[in-house]
Amino acid sequence: MFKRILIANRGEIALRIIRCCREMDVETVIVYSTADKDSLAVMAADKAVCIGPAKAAESYLNQDAIIETAILTGCEAVHPGYGFLSENAAFARKCEENNLIFIGPSADIISSMVDKQSARQLMIECGVPVVPGSDGLVATAEEAAHIAERIGYPVLIKASAGGGGKGMRKAFSREDIEYAFETAKSEAKAAFGNDDMYIEKLIINPRHIEIQILADKYGNTIYLGERDCSIQRNNQKLLEEAPSARLCKDQRTVMGETAVRAARAAGYYSAGTVEFVVNEQGDYYFIEMNTRIQVEHPVTEQVTGIDLIREQIRIAAGMKLNIAQEDTCVNGHAIECRINAATPGVIKFLHFPDGYGVRVESHLFEGYEVSPFYDSMIAKLIVHGKTREEAIRKMISALEEVVIDGIDSNVDFHISILNNKRFREGSFDTSFISEEFGL
Ligand code: ADP
């Protein structure tokens with residue numbers, strides 16, 4: 001096992017990793033920006049090094065400063081968390097070149113997956129169903145129109161480098177193509193510095209269902225059930241649950257085995273997630289693979305009893321997976337609500353719920369200033385119950401207990417979702433929030 005690792009992240013995920021390292025007797029060094037100097041993660045790590053100003057480009061994305069800090073502080077590995085450099089192949093390669101272990105898959109695997117169009121090709125080659133679409137990149141709106149005619153409208157024009165729901169536009173007919181193509185392309189250029197585009201058929205009212213996998217460096221790959229992340233706003237996840245109310249046991253097994261096949265085809269190791277959209281008939285299609293730990297990983301932890309961060313670190317250290325597929329099972333039901341700040345500001349009073357089956361992952365404390373520089377997520381509230389209904393009731397009760405004074409948050413919105421009839425019945429898809437709440 002590692003003696004010391006560097007954490008190249010902030011907020012709740014940095015704390016989550018630090019706590020896990022403590023349990024494993026691994027020392028932690030955290031890098032931080034001036035905006036985070038009074039943060040919990042900085043206080044909790046064994047050592048903290050300021051690497052730049054608030055602007056992420058000059059701190060959390062400053063690859064050389066992070067590598068240099070890792071070397072100078074005697075770290076053997078770097079945990080990137082999620083976001084920032086977690087799916088940056090160039091950074092993973094720099095770690096490799098400097099004899100630092102990147103806690104994630106190899107740079108080569110990241111580059112084959114991070115480009116969605118190339119990941120799609122790889123999936124086609126290994127027989128994983130993908131959404132019908134273009135065979136490769138699409139250079140012009142005219143070409144896009146051509147492909148749309150072939151696969152049939154409606155279509156979704158997507159950026160190969162896309163993420164966080166950015167760089168995608170729907171087109172329902174030929175008239176929409178130019179505008180959809182050009183706006184998606186320029187959004188991608190601005191957000192990712194890469195405007196490679198491809199096209200998929202727009203699946204109508206799909207569920208977003210993803211499979212968590214774990215794979216070691218010796219070819220052992222397992223799946224840990226699914227997460228249903230269909231509750232989204234602007235293609236961004238808001239509430240996730242496991243298991244999905246939509247899948248039956250056989251579908252779960254088939255999708256799990258497909259995800260394992262996809263991971264094996266990529267020579268994948270580390271924790272990872274294979275994302276699918278599932279249509280009303282239950283057909284599932286690969287959309288992308290995330291080669292990092294995800295925000296919603298706790299719901300899988302709650303139902304499987306497996307600490308995913310711990311496994312991710314063990315795998316990176318070259319240890320064998322000591323869980324076989326037949327030893328895994330999904331117990332009860334877990335839900336996660338992402339609590340986001342609507343505005344920056346100082347937390348004047350804070351109270352989080354607690355109790356049986358309630359888990360909070362947050363970096364907030366009284367007096368903490370929610371800065372405008374980073375992601376607006378300030379807490380994750382996770383509950384675990386025997387059944388879906390029990391988990392929903394527990395979540396409502398937990399949310400009702402939350403007090404975050406000083407800023408506005410989406411706590412009440414989560415309560416409205418959980419009280420919604422369609423949500424209760426489990427009959428929802430990715431258009432749920434826009435249909436039910438007009439957002
Ligand atoms: P990102 O990396 O930006 O999150 P994804 O490819 O994972 O992009 O897609 C984000 C969301 O967009 C999905 O969860 C789903 O709701 C929607 N989506 C993506 N592809 C399709 C598709 N072909 N048809 C319908 N919805 C889609």
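In each ligand, atom 1 is the first atom listed, and ligand 1 is the first ligand listed.
- At a heavy-atom cutoff of 4.0 Å, ligand 1 is contacted by both the backbone and the side chain of Ile203.
- Scanning all protein heavy atoms for the shortest distance to atom 19 (C) of ligand 1 gives Lys158 NZ, 3.3 Å.
- Here the straight-line distance linking atom NZ of Lys386 with atom NZ of Lys394 works out to 8.5 Å at 0.5 Å rounding.
- Contact annotation: for Glu275 versus ligand 1, heavy atoms closer than 4.0 Å belong to the side chain alone.
- Under the ring-ring contact (aromatic ring centres under 6.0 Å, His included) criterion, Phe84 pairs with Tyr60, not counting sequence neighbours.
- Protein heavy atom nearest atom 16 (O) of ligand 1, with residue, atom name and distance: Gln232 OE1, 2.8 Å.
- Looking at Asp115 and Ser160, their side chains do bring a donor and an acceptor atom within 3.5 Å of each other.
- Contacts between Lys201 and ligand 1, counted as non-hydrogen atom pairs separated by less than 4.0 Å, involve the backbone only.
- Between the side chains of Glu389 and His333, no donor-acceptor pair of N or O atoms lies under 3.5 Å.
- The heavy atom nearest to atom 22 (C) of ligand 1, out of those in Asn234, Leu156, Asn205, is found in Leu156.
- Each of the atoms 24 (N), 25 (C) of ligand 1 lies under 4.0 Å from some heavy atom of Leu202.
- Only one option out of Lys116, Arg120, Lys237, Arg207 pairs with Glu275 in a salt bridge (Lys or Arg N to Asp or Glu O under 4.0 Å); it is Lys237.
- Put simply, the side chain of Asp228 reaches to within 4.5 Å of the side chain of Phe428, judged on heavy atoms.
- The shortest contact between atom 13 (C) of ligand 1 and any protein heavy atom is with His208 ND1, 3.7 Å.
- Checked by atom type and distance alone, the side chain of Asn194 never pairs as donor or acceptor with a backbone atom of Lys189 at under 3.5 Å.
- Of all atoms in ligand 1, numbered sequentially from 1 with element shown, those under 4.0 Å from a heavy atom of Thr430 are 16 (O).
- In this structure, a donor-acceptor pair under 3.5 Å is present between the side chains of Arg227 and Gln294.
- The protein non-hydrogen atom at the shortest distance from atom 26 (N) of ligand 1 is Pro206 CG, 3.9 Å.
- No hydrogens or angles considered: a donor-acceptor pair under 3.5 Å links the side chains of Thr328 and Gln325.
- At the top of the distance list for atom 17 (C) of ligand 1, counting protein heavy atoms only, stands Asn235 OD1, 3.7 Å.
- Backbone and side-chain nitrogen or oxygen atoms of Gly165 are examined, and one is located within less than 3.5 angstrom of a nitrogen or oxygen of ligand 1.
- Protein heavy atom nearest atom 7 (O) of ligand 1, with residue, atom name and distance: Glu288 OE2, 2.7 Å.
- Residue Ile287 has no N or O atom closer than 3.5 Å to an N or O atom of ligand 1.
- Atom 1 (P) of ligand 1 has its closest protein heavy atom at Lys116 NZ, 3.4 Å.
- In this structure, Met168 has a heavy atom closer than 4.0 Å to ligand 1.
- Counted by atom type alone, Ser39 and Tyr368 present zero donor-acceptor pairs between their side chains at under 3.5 Å.
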